[in-house]
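Here is the structure we will look at, set down as structure tokens.
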Amino acid sequence: MAKHRLIYQIYPSAIGDLRDIAAKIPLIAAKIQPDYIWLSPIFESPWIDGGYDVSDYCKIDRRFGTMNDFRHLVAVAKKYKIGILLDLVINHTSIDHTWFKKSELHDSWYKDYYVWLEKPLNWKSFFGGPAFDYSALRDKYYLHLYDRAQPDLNFKNPRVIKEFKNIIDFWKKEGIAGFRVDSANILAENNFRMGRIPGLPGFFSYYQTKDTVAILEKLLANKGLFTIAEPVGGELYSKRKFHELTNKAFDASFNVGTLDVADSLFSIKDRVYPVNYRRWFKKLSKWAPEPAFSMAIESHDAPRAPSRFDVNPRVLAMLQFLLPSYNPCIYQGQELGTLNADLSMNINDYPGVQSRQVYRRLRREGKTKRQAMSVVRRTSRDNARQPIDWGEYILQHRHHDSVLNFYSEIIQLWRSDPVIKDGSLKVVRIKKNGVFDFYRKLGKKKYFVHLDFSGKTHSYLKDDHGDIVIIVK
Ligand code: GLC
């Protein structure tokens, strides 16, 4: 029987420093009781991409406290039977990392730590714009699949692999339970040719190459750590690729494409796409039965789900926990039904690098300031990175019909009911207005689930006697 593990993601700056996070663990544990807490990066960083630009992997960023504060957090979590997962940002570092500074200066040890080319290729970065930038110091071009402040490491260099081996050992000694691995499947490029595919030229030169899988296997497998991958590639991500990664290096994996309901190949945030329920529910039904799949409805990379879908958050909880769900991941505040923030119409108020890039792109395309900002406001990742309202948390804790208590009950069902845990999935009906009906079946027992994202009918779970177990009115 496959293992069931509940992950809870924290984007640390939305809570405070490590002491603040430790202080909130009892509250989170009381209702959610996750097996793991995944902390988005807490390492030293100039914070160009919200911590996903690391300048020292073995140092806690000053904004979060000290190593002692980290040890305290691990100890508190352990008391509540929760393992801490760190976010291993392995594909790139910050431009401020000493490795990059030395590499730029052609230091004999570090010169090949990054990908340097004499001439740039036409590859595009995930945040938009070219993926190669010129360094005057080195008089060469370096690869950055994300922002120019996030140079890509060269995993063809065994020294780089050794650095990460040491980093993993360092944190393992600090008692962590494992890692979420950022952009896990784009580490090693297999050629440096001009890309011919429109949209993201170059993609197939680095998309889950054999080398990448072998490196991750060597670094992560059989270490006694829980490992969960964030693969890049959304729609292009096949079951074969998924199994390749999870059979070899990971216990679980997201498929970022399942968070994406837009009619586009990648989650590009320069348009407000209409929700395509048919496509989304089909995708989820395909991936949900996979024992290594991590079902996530929200993350730090997407706006809040109840705002995106304009739906009662309880219906989203039903989708996440009543479909087969072996490694569900709750994003902080999701369990309160948090909505998008009331973000400003001034781009200078946005901390996220992606929002600013989208804004610039839209302006270049001729959109007015107002038009560009109305898109950014809706699609920005900053919507999900706002401070948690703890007063609201406590209030919902007390009120038995709150969203938080709904999550708590559905999680209990998910943990204890054999049909919900291990039953097969049979999809009955998927409609474009957001109706999703399915059966879960184990032996002779059967449940029927009716979800309605349009809110026109009640969503419910019925047992084989026709009795309603859960209903959202
Ligand atoms: C991942 C992270 C995202 C970050 C990017 C670059 O996709 O989830 O927040 O910007 O990697 O590190």
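Residues K3 and D251 are not in side-chain contact: their nearest non-hydrogen atoms beyond the backbone lie 4.5 Å or more apart. Put simply, the side chain of N91 does not reach to within 4.5 Å of the side chain of D182, judged on heavy atoms.
Checking D61 against S45 by side-chain atom types alone, no donor-acceptor pair falls below 3.5 Å. Checking Y57 against E163 by side-chain atom types alone, no donor-acceptor pair falls below 3.5 Å. Residues N190 and T209 bring no donor and acceptor atom of their side chains to less than 3.5 Å of each other. Judged purely by distance below 3.5 Å, without hydrogens or angles, the side chains of S205 and E189 never pair a donor atom with an acceptor atom. One side chain, Y146 or S183, offers a donor N or O that lies under 3.5 Å from an acceptor on the other. Side chain to side chain, N185 and Y237 fail the donor-acceptor criterion of an N or O pair below 3.5 Å. Of the N and O atoms on the side chains of S355 and S380, at least one donor lies less than 3.5 Å from an acceptor on the other residue. One side chain, S40 or Y52, offers a donor N or O that lies under 3.5 Å from an acceptor on the other.
Ring-plane geometry between Y207 and F204 is classed as perpendicular, the angle between the planes exceeding 60 degrees on a 0 to 90 degree scale with a lower cut at 30. Under the 30°/60° scheme for interplanar angles, the aromatic rings of Y142 and W116 are found to stand perpendicular. Ring geometry for F203 against Y206 counts as perpendicular: the plane angle is over 60°, on a 0 to 90° scale with 30° as the lower cut. Under the 30°/60° scheme for interplanar angles, the aromatic rings of F309 and F453 are found to stand perpendicular.
Partner Q334 forms a side chain to side chain donor-acceptor pair (under 3.5 Å) with one of R304, Q320, E298 and no other, that one being Q320. Considering D349, D342, D382 as possible partners of R377, the one that fulfils the salt bridge (charged side-chain N to carboxylate O under 4.0 Å, His left out) test is D342.
Within 6.0 Å of the CG atom in N222, the count of heavy atoms belonging to other residues, nucleotides or ligands does not exceed 12. Under a cut-off of 6.0 angstrom, the local environment of NZ in K369 is sparse, with at most 12 non-hydrogen atoms contributed by other residues, nucleotides or ligands. No more than 12 heavy-atom neighbours from other residues, nucleotides or ligands sit within 6.0 angstrom of NZ on K218.
Aromatic pair W38/F254: centroids less than 6.0 angstrom apart. Between F281 and F438, the gap from one ring centroid to the other reaches at least 6.0 Å. In this structure, W123 has its ring center under 6.0 Å from that of F192. Residues F100 and H144 place their aromatic rings such that the two centres sit no closer than 6.0 Å.
The list of salt bridge (charged side-chain N to carboxylate O under 4.0 Å, His left out) pairs with a residue in residues 430-442, not counting sequence neighbours, reads R429-D437.
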Show me the side-chain donor-acceptor pairs of residues 286-295 shorter than 3.5 Å, one per line, residues at least two apart or across chains.
| residue | atom | partner | partner atom | Å |
| --- | --- | --- | --- | --- |
| E290 | OE1 | H243 | NE2 | 2.8 |
| E290 | OE2 | H243 | NE2 | 3.4 |
| S294 | OG | N327 | O | 2.6 |

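In this structure, K426 is not positioned above the aromatic face of Y439 in the sense of NZ or CZ being under 6.0 Å from the six-membered ring centre and within 45° of the axis.
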